[in-house]
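Numbered from 1 within each chain, the chains take letters A, B, ... in sequence-line order. What's counted below: heavy atoms across the whole structure, side chains too, no hydrogens, waters or symmetry copies.
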Amino acid sequence: MSHSDLYAEVDRSAYTNALAKNSPITKTFFALSALAIGVSAQSFVVPIIVFILCTCLSLGFAKVKPRLYLGLFVYPTLMLILSCIILALFFGSGQSLIDIPLPWTTWAIYKSGISISVNTFFRVEGALSCLFFLVLTTSINDLCVLLRRIHMPQVMVEMSMMIYRYIFLFLEITEKMILAQKLRLRRSGWLSSIRSLAMLIGSLFIRTLDQGERTLVAMTARGYGGEIRILDDFPAPRKIALLGIAFFDVLLIVLIFLTLNIGVV
Amino acid sequence: MIFKLENLSYRYSDGTLALSEVSLSFARGERIALLGTNGSGKTTLLNHLIGILKPSSGNIYFDDKPLAYDAKSLQNLRKRVGFVFQDPNDQLFAPTVKQDVAFGPLNLGQTPEQVKKMVDEALETVGMSEFKEKPPHFLSLGQKKRVALAGVLAMQPEVIIMDEPTSNLDPRGTSEILRLLLQLNKGKGITLILATHDVDMVPLFANKLYILNKGKLVAHGEPKQIFSDTELIRQVNLRSPRLTHLFEVLNKKNKLPIDEPLPLTIGEARKEILRLIELSKNQKKI
């Protein structure tokens, strides 16, 4: 899957998943509270529960394609594994687990380092699963309406709306430009590919300025007066769902305290 | 008269004279086509009608009152005159179809309930109701054009201005848009002003035709009468509709006795051909 395909797939899922019609308040409340709890946990137990839960909800209830859901984890997880290896090998203090003698020093690997590494791994994966659940089930439109409701500054919400819309337009334009360059036998050498890229970015930048101006004219023609008003009509959240989530959050928090001292090694 | 222009001239800041001394008037309920080549000043003229451009000299009257450029008057003008842009990507900026169509009505200060009703009606009219919750990048160009039209319709304007409504559309998309526009004109009495260089579309749609060339108004009147002046049409680098051209050739080269004005549409051509057949039958009998 190429990058732009992946974005388009995520976007498509946000509009077409089985939970698309549910209140964005419920979904956001669930995802963000689970995120906060998962990240603040000291051991790996609660993050794993959060991860399993979000994965079940995304795949089982929202019916997101497993390929897409798991695909999203690939790059962050690769980065994460690298970081965790470094954490395990170079961090920590106290009683060392293994000492590797080197001619000039002794390299110590600590118990606490490994524990930090493992906990970090699961906390990040848990947090990712919360965010992926949110982006795969909630459309940008719903998120913008929600942001307006909680009184986010107008300008931020407007910018997000428009950036979202025009990302897709410019992705399309970029793809066309790259194709046009290729068809005119863009050379594949390093230097010339840099040159082609520079031209691409240059003309794309001019296109964005131009597009901005034309969009403003079009908006003005429809009575734009400096503020984009949004039609706020999403369904009210079901109280029982919110209560259920709150109850579950309390359970997780209790679990955090119960698992404070569970270590890996 | 819904619009009246007096000696309108417009010079761009780079010195190009885009319009020169254009005077014309559009009546309520007309279906007007502005025909001209690329760069003939059509879009510049249209932009004047909704106050996006201010004339360098000359006057514009809307509903018999001179156009005012303060924010309130412009708001009022744009409520009554809708503008559909050539490229729907310029116009559709919101994350969903519904949100985009709601933009205009919300700017008019309607309540959310009213807005919802207006959005539903507008999308129903253009046949795009099922795409209500979809983002614009899921749609084809023809669908985007219809949504852009819905965005304007939802404001319930008296006049709709469209810049190249059929450019880049496939035959089906073209005929759907045209049918929709005719329906709006006949059903709701909306005045339509279209800029185009698609000469074949003009006879199907317009009852008034204005020809622009290099910023000047060179002819206006009924399409039939204007397309009969083949000399003028050629001078301004346009051409007659294909059918009209065929009958012109049959008349000039093959000396067939074609009646003036030349037929513009399939219906008229059919009548003319049947008349010719009838004529030759009668001649054989004699």
Looking only at heavy atoms, what is the nearest atom pair of [X] and [Y], with distance?
{"X": "P95(B)", "Y": "N141(A)", "result": "CG-OD1, 3.8 Å"}
{"X": "D90(B)", "Y": "A218(A)", "result": "O-CB, 3.6 Å"}
{"X": "N107(B)", "Y": "E227(A)", "result": "OD1-O, 3.9 Å"}

What part of [X] gets within 4.5 angstrom of chain A, counting heavy atoms only: side chain, backbone, both, or neither?
{"X": "D87(B)", "result": "side chain"}
{"X": "Q91(B)", "result": "both"}
{"X": "F85(B)", "result": "side chain"}
{"X": "L92(B)", "result": "both"}
{"X": "D163(B)", "result": "neither"}

If you measure from [atom1] on [X] to [atom2] on [Y], what distance do you get to the nearest 0.5 Å?
{"X": "I140(A)", "Y": "T96(B)", "atom1": "CD1", "atom2": "OG1", "result": "11.5 Å"}
{"X": "Q99(B)", "Y": "C144(A)", "atom1": "CD", "atom2": "SG", "result": "8.5 Å"}
{"X": "R229(A)", "Y": "Q110(B)", "atom1": "CZ", "atom2": "CD", "result": "11.0 Å"}
{"X": "L169(A)", "Y": "F93(B)", "atom1": "CG", "atom2": "CZ", "result": "14.0 Å"}

Option among E172(A), R165(A), R214(A) that satisfies the side-chain hydrogen bond (donor to acceptor under 3.5 Å, both in side chains) test with N89(B):
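Passing option: R165(A).
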Mind checking whether F168(A) and H137(B) have parallel, tilted or perpendicular rings, split at 30° and 60°?
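Judged by the thresholds at 30° and 60°, the geometry between F168(A) and H137(B) is parallel.
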Please flag which part of Y224(A) lies under 4.5 Å from any non-hydrogen atom of chain B: side chain, backbone, both or neither.
both
Between L106(B), D100(B), L108(B), which is the residue that forms a side-chain contact (heavy atoms from CB on, under 4.5 Å) with R222(A)?
D100(B)
Between R12(A), M162(A), E158(A), which shows the greatest number of heavy-atom pairs under 4.5 Å with chain B?
R12(A)
